[in-house]
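Notes for the one structure printed next.
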Amino acid sequence: MSALVDRLVAQVLGLEVSLLACQARLSAATDAEALHDLRISVRRLRSLLRPLRGLPGVEQLEAAASEVGRVTTPIRDREVLAAYLHQHGQHAAADRRTSQLLREYSAVAAGAELAQLFLVLDAFPRFLRASERQGLLRGLRGSIEKRLAKQWKALGQALLDPAHDRHRLRLLIKRVRYAADAYPELDRLPSQAMKRLKAAQSALGDWHDCWQWLAQAEQQLDLLPCVAVWRRTMLKAEARSDQVLEQLHRDCFKR
C-alpha cells in the first residue's frame, strides 16, 4: 500500500508544481498557453481524485479544483474562438474577444479560487499519510480498480445507445483517458483503447466547438459570417465522430 500512496503523493506534488508554474506564467502573461496548461493540470488532478472519493480531504480538494475549472472555462472558450477567428481572417471579431484577456489572466492568477485550491492541495499529502497510518486506505487499490472499471463500463453502455448524447460521451471519454493517465498501473484498458479514445475525443471536440459557436452566433452578430462554415464542419465532425466511436466500440468492447 505504501508504494501506491507514495505514487499518489508524488503525483499531487507534481501537479502542485505545475499549477504554481502556470500561476506565475499567467501573472506575467508570458505565453498564450498558460491558461490551457493550468486547466490541464486541474483536469489531471480531478481525474486522480475521482477514484479516491470518500477519503478525508478529497471532497474539499475536488470542490476547489472544480471552482478553478468553472471560472476559467469561459476564458478558455474565448481563447479558442479568438484563435479560430484570427486563422480565418476575422481579426476584428477576434480582437474583441481577446482585448480583456490580460486582465483576466491576472485575475485568475490572483483569484480566490486558485488560492483556495493551493491551500487545500498543500495539505492533501498530509491527509493521505494520516489516512494510511489510521488504516483508512486498506483495500484502496481494489477500490480504485473497481471505480476505473465502472467508468469503462459506463462508456461501453453509452456507446451502445443508438441515440447517444455526444456531450455525455465526450465527458465519459475524457474521464476514462485521464484516469488511465493517473493510474496507469491499475487500469486494464484494451491495447487499442488509448489510441481510439484520443481519436474519439478529438472528433467530439471539433463537433462541440462548432455546436457551441453556433449557439453563440445566435446572440453575437459578428459571428454570422462563420455560421455556414460551422454548420458544414459540424456535420462532418458528427460523421467522423460516429466512425471513430464505432471503431472504439468494435476494437475495445466487442469480445
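Hydrophobic clustering (ILVMFWY, side-chain heavy atoms < 4.5 Å, transitive): Val108 and Val120 are in one cluster. Under a hydrophobic-cluster definition in which Ile, Leu, Val, Met, Phe, Trp and Tyr are linked whenever side-chain heavy atoms come within less than 4.5 Å, directly or via other members, Leu136 and Leu8 are assigned to different clusters. By the rule that hydrophobic residues join a cluster once side-chain heavy atoms approach within less than 4.5 Å of another member, Leu221 and Leu85 end up as members of one cluster. Both Leu38 and Leu20 belong to a common hydrophobic cluster when Ile, Leu, Val, Met, Phe, Trp and Tyr are linked at side-chain heavy-atom distances under 4.5 angstrom. One hydrophobic cluster, built from ILVMFWY side chains closer than 4.5 Å, holds both Phe118 and Leu13.
Residues Leu148 and Val176 form no side-chain contact, since every pair of their non-hydrogen atoms from C-beta on lies 4.5 Å or further apart. Here the side chains of Tyr84 and Val80 are not in contact, with every heavy-atom distance at 4.5 Å or above. A 4.5 Å side-chain heavy-atom check between Ser241 and Arg166 finds at least one atom pair inside the cut-off. No side-chain heavy atom of Gln90 sits under 4.5 Å from any side-chain heavy atom of Asp95. Under the 4.5 Å side-chain criterion, counting only non-hydrogen atoms from C-beta, Ser143 is in contact with Arg147. Within the 4.5 Å cutoff, no side-chain heavy atoms of Arg25 are placed close to those of Leu35. When side chains are defined from C-beta on, Ile173 counts as touching Leu245, because their heavy atoms get closer than 4.5 Å. Side-chain contact between Leu61 and Leu45 is present, with at least one heavy-atom pair separated by less than 4.5 Å.
Checking side-chain atoms of Thr73 against main-chain N and O of Gly69 turns up a donor-acceptor pair under 3.5 Å. With hydrogens and angles ignored, the 3.5 Å screen pairs no side-chain donor or acceptor of Ser106 with any backbone N or O of Leu102. Not a single donor-acceptor pair under 3.5 Å links the side chain of Arg44 to the backbone N or O of Tyr178. With hydrogens and angles disregarded, a donor-acceptor distance shorter than 3.5 Å links the side chain of Thr72 to the backbone of Val68.
Atom OG1 of Thr98 is separated from atom CD1 of Ile75 by 13.0 Å, given to the nearest 0.5 angstrom. Atoms CZ and SG, on Arg231 and Cys226 in that order, are 12.0 Å from each other to the nearest 0.5 Å. Here SG of Cys252 is found 10.0 Å from CD of Gln247. Values are rounded to the nearest 0.5 Å. A distance of 9.5 Å separates CH2 in Trp211 from CD in Gln216, rounded to the nearest 0.5 Å. Put simply, CG on Leu114 and CG on Leu19 are 7.0 Å apart, with the number rounded to the nearest 0.5 Å. Leu172 contributes atom CG, which lies 8.5 Å from atom CG of Leu159 (distance to the nearest 0.5 angstrom).
In this structure, Gly205 and Arg170 approach most closely via the heavy-atom pair CA-NE, 4.0 Å. Across all non-hydrogen atoms, the minimal contact from Met234 to Cys210 is CB-CB, 3.7 Å. Contact detail for Ala180 and Met194: the closest heavy-atom pair is CB-SD, 3.9 Å. Closest approach of Ala158 and Arg168 over heavy atoms only: CB-NH1, 3.4 Å. Of all non-hydrogen atoms in Ala237 and Ala203, the two that sit nearest each other are CB-O, 4.1 Å. Across all their heavy atoms, Ala217 and Val227 have their closest contact at CB-CG2, 3.6 Å.
Using bins of under 30°, 30° to 60° and over 60° for the plane-to-plane angle, the ring pair His167/His208 lands in the perpendicular bin. In this structure, His249 and Phe253 have parallel ring planes: the angle between them is below the 30° cut-off, well short of the 60° mark.
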Arg78 and Leu81: side chain to side chain contact (heavy atoms under 4.5 Å, CB included), yes or no, with the steps? CA-CA 5 Å; Arg78 272 188 280 109; Leu81 176 55; 5.6 Å; no
Would Leu223 and Trp230 count as a side chain to side chain contact (heavy atoms under 4.5 Å, CB included) here? Give the steps. CA-CA 10 Å; Leu223 298 179; Trp230 288 343; 4.0 Å; yes
Decide yes or no on side chain to side chain contact (heavy atoms under 4.5 Å, CB included) for Arg240 and Leu204, but give the supporting numbers first. CA-CA 9 Å; Arg240 178 169 165 257; Leu204 288 168; over 6 Å; no
Side chain to side chain contact (heavy atoms under 4.5 Å, CB included) between Leu4 and Glu185: does it pass, once the steps are laid out? CA-CA 10 Å; Leu4 176 58; Glu185 75 281 13; 3.8 Å; yes
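Using a cutoff of 4.0 Å between basic side-chain nitrogens and carboxylate oxygens, Lys195 and Asp251 are not scored as salt-bridged. Ion pair Asp222/Arg97 flagged as a salt bridge, since at least one NZ, NE, NH1 or NH2 atom sits closer than 4.0 Å to an Asp/Glu carboxylate oxygen. Using a cutoff of 4.0 Å between basic side-chain nitrogens and carboxylate oxygens, Arg188 and Glu145 are scored as salt-bridged.
For Leu119, the side-chain contact (heavy atoms from CB on, under 4.5 Å) partners are Gln116, not counting sequence neighbours.
Counting non-hydrogen atoms of other residues, nucleotides and ligands closer than 6.0 Å to CZ of Arg76 gives a total above 12.
The closest side-chain donor-acceptor pair between Arg177 and Ser47, if any, does not fall under 3.5 angstrom.
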Tell me which donor-acceptor pairs under 3.5 Å the side chains of residues 48-60 have, and how far apart each pair is, sequence neighbours excluded?
from	atom 1	to	atom 2	distance (Å)
Arg53	NE	Glu62	OE1	3.0
Arg53	NE	Glu62	OE2	3.1
Arg53	NH2	Glu62	OE2	3.1

